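Working notes for the structure below.
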Amino acid sequence: MQFHHHGYVSGDPRVQPAAGVGLNRPEELPEEVDVLIVGTGPAGMLAAAQLSMFPNVTTRIIERRPGRLAIGQADGIQARSVETFQAFGFAERIIAEAYRITEMAFWKPDPANPANIIRSARAVDDEMGISEFPHLIVNQARVLDYFAEFAANSPTRLKPDYGYDFEGLTVTGNGDYPVTVTLRHTAGPNEGQERIVRAKYVVGADGARSKVRQAIGCTLAGDQANHAWGVMDTLAVTDFPDIRTKCAIQGAEGSILLIPREGGHLFRMYVDLGEVDPNSHHSVRNTTIEEIIAKANAILHPYTLDVRNVAWHSVYEVGHRLTDRFDDVLPAERGTRTPRVFITGDACHTHSAKAGQGMNVSMQDGFNIAWKLGHVLEGRSPESLLATYSEERQVVAKNLIDFDKEWSTMMAKKPEEFEHPSDLEDFYVQTAEFPAGFMTQYTPSLIVGGTGHQDFASGFPVGKRFKSAPVVRVADTNPIHLGHHATADGRWRIYVFADPALPGTSSATDTLAEWFASAPESPLAATPAGADPDAWFDLKVIYQQPHTAVDIGAVPAVFKPQVGPFRLMDYEKVYATDPKADIFEAPRRRPGRCRGGGPPGPVRGKRPAAHGNSGAWARSSACC
């Protein structure tokens, strides 16, 4: 965490100075906004938190509830999401209060007595070390609280506007605020009254029954699996030995997915209620909590479950649905106009809850569209950037639904229906990287380059997320993770993996640094006059030597920009290898043919979403 560069800070450094629209921010929802976000779920709150870092963008987020969410339905936090939390500065705090998944146990009928269940296998949750962050379970409401705190502490002082329901919208295409939105007060002295707000852009994050989706003519298309599950968050006394371990339980009477919750006592059970008659008019949804508990006890035999308290429960039928587009531009209009309305999360893709993907994928939807809106509205990028949101995220949602169909189908199978007894646990282990959130790979586009130079950094696939790795910061000798200094501040990241020469020896890296500093075509040349040199592009260098061999004084000045009103030198952009985990040699993240000779290392560009996806490989005579 960096501060003091604008003067001494004696208070909480997480509270940033108010700036732009955060100065004298009106408490009441204004009549005109740049971005109106509908819904304070995971996608909406992350989008609001990211946009709160753009001081000159007026963003408001509305919610029909009168206040914050008390009990959230989602609870699974994949490692990719925890990487995102790191960018917003609350990963350590949420890890401390969450339940951490390290193993999954698999239970099946006892061959000697099929009426009983026995533990048949265990699987390590992240055996391959896909991420340095863990797989967590924590209430969705707490995730929203942390994003709300970040937004409130941001320069724009963003806070949700509760008590507004979305009624409809019209894209007029006229004027500076071409989207007219009709709202209705749901609480307070104006309850029931209509309110009109005009916006430049609208983001629908209002769930599976999205009114924003309806307003732009999108429909969810897909199918029902005709299988129902009861889900309950409970406090109970039981003799089942793995009650505090994530379990897939397949018994003679059905299946259970057991998810221990944060706090040491609470747990969630997804209880198999069996096949559903498609002509039953969803009567299974009337299943009582007593029936769900009885079914759970039948599956757990010979163990018993004495439920003492139920915090929340529901019944759902498995369905998989996807919209044909994630914005308001019809297929025939593509390339002829700018999208003005976007939908995210459950508004555009729905699936079962058992893969723990809903909240995670929804948050990445929100991150994707938010930084793009911020860049367009601040004049950093052309409006054509906004078309990449639907292009990128719809493919991700389709892959998610395909995966979830397979996983939820396997969870609903009876043990005897599997070809091999270990099929379920084998699938869980072999596909671990996908549900963890690390298989997303964007194809070449306006912001993703081609793979012509991929061999220079085979461990960082173009279009995939930036996998962090240990390095040592030269100035203070601190071992850190390289990706952990990429915060959700809306800047692009450029990582220079140096050639074998030391700084100050007329090396290829020194030549490249001069290009960055002075060439008209350098990305840094786009930085507005008067702004800090790293205001738009955060440029970092990683040397191949140990930190003791790197002379910080010889490092090119472009890697040590002078920032703030006092023009203080930023020493935290210069790194060296960590001898315990050399980034130039580590399997699966090797930056290229750099160690000990050969061509110099690559330059890697990363989009503003921290731990974000590879944008392109920058090529010049100095690096390729």
Side-chain angles (χ1 to χ4, degrees), residues 14 40-46 49 68-105 122-127 129-151 153 231-236 242-248 257-270 309-312 345 353-364 366-367 428 432-438 465 468 481 483-484 487-488 610-611:
R14 292 175 299 181
T40 59
M45 285 303 293
L46 191 151
R68 68 175 285 275
L69 180 70
I71 299 178
Q73 297 180 13
D75 61 359
I77 306 293
Q78 303 291 347
R80 180 71 180 93
S81 295
V82 188
E83 291 182 351
T84 301
F85 298 162
Q86 174 68 24
F88 286 91
F90 62 83
E92 288 185 4
R93 289 190 290 158
I94 203 167
I95 288 172
E97 69 178 78
Y99 172 84
R100 180 171 179 170
I101 296 176
T102 55
E103 279 191 357
M104 184 169 181
R122 295 181 185 268
V124 176
D125 192 70
D126 182 13
E127 190 172 13
I130 299 169
S131 174
E132 72 275 18
F133 287 111
H135 183 183
L136 305 177
I137 302 295
V138 67
N139 187 355
Q140 171 186 325
R142 293 295 294 136
V143 176
L144 305 184
D145 287 344
Y146 280 114
F147 281 127
E149 177 189 70
F150 179 92
N153 292 339
V231 55
M232 56 182 180
D233 285 337
T234 67
L235 298 170
D242 285 348
I243 197 63
R244 296 304 301 167
T245 301
K246 181 181 178 182
C247 294
L257 179 63
L258 169 64
I259 310 289
R261 294 288 302 270
E262 67 280 9
H265 300 283
L266 190 70
F267 59 87
R268 173 169 292 185
M269 276 189 169
Y270 292 92
N309 178 264
V310 178
W312 171 82
K354 289 183 292 301
Q357 291 296 294
M359 175 163 50
N360 297 274
V361 175
S362 295
M363 287 190 290
Q364 298 307 320
F367 215 164
Y428 179 81
E433 197 167 354
F434 183 90
F438 301 125
R465 135 274 195 187
S468 185
H481 254 272
H484 293 191
T487 56
H611 273 282

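Predicted, not measured: the structure shown is a model, and the values here were computed from it. Positions are given from 1, in the same order as the sequence printed here.
- Residues passing the ring-ring contact (aromatic ring centres under 6.0 Å, His included) test with F267: none are found, sequence neighbours excluded.
- In terms of the side-chain hydrogen bond (donor to acceptor under 3.5 Å, both in side chains) criterion, residue partners of S81 (sequence neighbours excluded) are, by chain and number, N360.
- Contacts of E262 classified as salt bridge (Lys or Arg N to Asp or Glu O under 4.0 Å), with partners at least two apart in sequence or in another chain: none.
- For Y146, the ring-ring contact (aromatic ring centres under 6.0 Å, His included) test picks out F90, with sequence neighbours left out.
- Evaluation of the side chain to side chain contact (heavy atoms under 4.5 Å, CB included) rule for A98 yields L136, V138 as partners, not counting sequence neighbours.
- The salt bridge (Lys or Arg N to Asp or Glu O under 4.0 Å) search around R68 returns D145, not counting sequence neighbours.
- Scanning for salt bridge (Lys or Arg N to Asp or Glu O under 4.0 Å) contacts around R14 gives D12, with sequence neighbours left out.
- Applying the side-chain hydrogen bond (donor to acceptor under 3.5 Å, both in side chains) criterion to T245, with sequence neighbours excluded, gives no partner residue.
- Evaluation of the side chain to side chain contact (heavy atoms under 4.5 Å, CB included) rule for S362 yields A43, D346, H349 as partners, not counting sequence neighbours.
- Residues passing the side chain to side chain contact (heavy atoms under 4.5 Å, CB included) test with A248 are M104, F106, M411, L424, sequence neighbours excluded.
- The side-chain hydrogen bond (donor to acceptor under 3.5 Å, both in side chains) search around Q140 returns none, not counting sequence neighbours.
- Between atom CG of residue D242 and atom CD of residue E103 there is a gap of 9.0 Å, rounded to the nearest 0.5 Å.
- Taking the salt bridge (Lys or Arg N to Asp or Glu O under 4.0 Å) definition, one finds that D125 meets it with nothing, sequence neighbours left out.
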